[in-house]
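Accompanying notes for the structure given below.
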Amino acid sequence: MRLETPPPTEPVPDAAEVVRRTAVADALLVADQADAAAAAEGVRPDVAAELTTIAEATTLQAEQLGGEYDSGLGDIVAERSGASPSATTPEQTPQAVLTSLRDAATRTRAAADQAQVGPLGRLLGSISAAQTRYARDLARVTGARGPVLPPTQIPEPTESSAEPSEAEKVPAAPASAAEGPPAVPTGLSAEELSALVLAEDTAAYALEVRAAQADGEVRTRAYDRARLHRARAQAWAVVAGIEETDQDPRRVAYAVPGPGTATPDLARELEGDLAQNYATLVGVAEPGTRAVLVALLTDATLAGAQWGAPAVPFPGLPERA
């Protein structure tokens with residue numbers, strides 16, 4: 001005698017799995033489009049080379065996210081339901097790749113902010129920064145519009161932004177959710193915020209020194225970034241509540257490498273260190289309060305690019321280099 005059993009069904013994914021699958025799908029879509037567009041007739045060699053780089057990077061990102069989920073039930077469920085594969089084929093042109101990259105970066109950035117698991121948020125934040133960098137690079141070689149960058153204004157703390165209660169914590173939202181004003185990051189220790197203040201102030205001082213020693217475009221760029229880093233050090237000191245206190249780690253001067261280290265090399269190192277700092281804090285901060293940290297990770301990644309840093313699939317994550 002054979003007992004009747006219910007037909008197999010796909011397991012229902014939890015919120016973290018939905019976020020992961022969405023990011024994987026976005027990365028693989030970009031990889032497939034970029035691969036096809038690079039091989040298309042009439043694509044300039046420099047554009048094809050950029051598309052190939054993007055395809056390789058996004059494939060690696062999908063792998064590091066865990067790849068596509070396959071329960072082994074897909075064919076069975078499709079056969080029972082009479083479902084058939086979609087006949088829709090995404091457009092495979094450089095402009096379509098750029099559109100997909102911009103969309104993926106936005107969704108992955110929102111997912112990094114909301115992910116309930118810190119390490120996943122850190123990985124998503126890094127991938128979003130990389131996707132934004134690749135989108136900007138592709139826009140540059142194709143002459144198209146680049147990605148819209150997230151706001152990097154560090155929010156001022158309020159009495160209600162100290163530590164949220166369980167009832168006040170932001171629930172997980174879909175990865176495509178619209179981005180609102182950034183919240184003050186919570187869940188960070190005094191030591192972590194103090195280290196961030198010091199890192200921003202150190203970068204500001206080093207670039208101020210190099211700006212004073214340079215001229216032309218290098219002087220202007222170094223000075224502009226120095227002012228920005230100085231302002232961010234001050235803003236984080238206010239967030240940490242250590243401004244003009246004994247706990248304020250800022251100093252009058254810092255050691256700066258000598259002329260043997262060129263200014264672009266030094267700037268790349270400074271921005272890379274800041275990207276690593278911000279990526280680390282993305283993995284520590286509470287869900288729903290990471291947006292400005294992800295934005296600043298992206299900003300440091302793009303700033304490094306302007307000083308000649310190569311594009312990498314996981315900016316700020318040295319263990320995945």
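Computed from a predicted structure; not experimentally measured. Along the sequence shown, residues are numbered consecutively beginning with 1.
- A donor-acceptor pair shorter than 3.5 Å can be found between the side chains of Glu271 and His229.
- Checking side-chain atoms of Ser194 against main-chain N and O of Ala190 turns up no donor-acceptor pair under 3.5 Å.
- Using a 4.5 Å cut-off on side-chain heavy atoms (C-beta onward), Glu192 and Leu281 make contact.
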| task | Output, in order, the C-alpha distance, side-chain angles, deciding distance and verdict of side chain to side chain contact (heavy atoms under 4.5 Å, CB included) for Thr132 and Arg109. | result | CA-CA 10 Å; Thr132 304; Arg109 184 164 62 242; 3.9 Å; yes
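- Side-chain contact between Leu207 and Tyr223 is absent, with no heavy atoms from C-beta onward closer than 4.5 Å.
- Using a 4.5 Å heavy-atom cutoff, the side chains of Val184 and Val239 are in contact.
- One hydrophobic cluster, built from ILVMFWY side chains closer than 4.5 Å, cannot hold both Leu297 and Tyr134; they sit in different ones.
- Leu124 and Val117 fall within a single hydrophobic cluster, where Ile, Leu, Val, Met, Phe, Trp and Tyr are joined by side-chain heavy atoms under 4.5 Å apart, directly or via other members.
- Judged purely by distance below 3.5 Å, without hydrogens or angles, the side chains of Glu91 and Gln33 never pair a donor atom with an acceptor atom.
- Side-chain N/O atoms of Arg320 and Gln64 include a donor and acceptor closer than 3.5 Å.
- Residues Leu29 and Leu60 fall into different hydrophobic clusters, defined by Ile, Leu, Val, Met, Phe, Trp and Tyr side chains chained together at heavy-atom separations under 4.5 Å.
- None of Gln234, Arg251, Arg230 except one satisfies the side-chain hydrogen bond (donor to acceptor under 3.5 Å, both in side chains) rule with Asp201; the exception is Arg230.
- Checking side-chain atoms of Asp265 against main-chain N and O of Thr261 turns up no donor-acceptor pair under 3.5 Å.
- Annotation: side chain of Leu51 is in contact with side chain of Pro94 (closest heavy-atom distance under 4.5 Å).
- Under the 4.5 Å side-chain criterion, counting only non-hydrogen atoms from C-beta, Trp236 is in contact with Pro185.
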| message | Checking Leu198 against Arg250 for the side chain to side chain contact (heavy atoms under 4.5 Å, CB included) test, could you report, in this order, the C-alpha distance in whole Å, the side-chain angles of both residues, the deciding distance, and whether it holds? | response | CA-CA 6 Å; Leu198 187 61; Arg250 289 176 288 182; 5.7 Å; no
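- For residues 44-58, the salt bridge (charged side-chain N to carboxylate O under 4.0 Å, His left out) pairs, not counting sequence neighbours, are Arg44-Asp46.
- In this structure the side chain of Tyr254 never reaches within 4.5 angstrom of the side chain of Val209, judged on heavy atoms.
- Side-chain contact between Trp307 and Thr263 is present, with heavy atoms from C-beta onward closer than 4.5 Å.
- Applying the salt bridge (charged side-chain N to carboxylate O under 4.0 Å, His left out) definition to pairs two or more places apart or across chains, those involving residues 288-315 are Arg225-Asp299, Arg232-Asp299.
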| message | Is there a side chain to side chain contact (heavy atoms under 4.5 Å, CB included) between Val284 and Leu188? Walk through the geometry before answering. | response | CA-CA 7 Å; Val284 177; Leu188 305 181; 3.9 Å; yes
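- Linking ILVMFWY residues whenever their side-chain heavy atoms come closer than 4.5 Å, directly or via other members, places Val30 and Val141 in the same cluster.
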| query | Given the rule in the salt bridge (Lys or Arg N to Asp or Glu O under 4.0 Å) test, do Asp137 and Arg133 qualify, once you have shown the distances and angles that lead to the verdict? | reply | CA-CA 6 Å; Asp137 289 351; Arg133 162 78 193 269; 2.9 Å; yes
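- Under 4.0 Å is where a charged nitrogen must lie from a carboxylate oxygen, and between Glu208 and Arg219 no such pair does.
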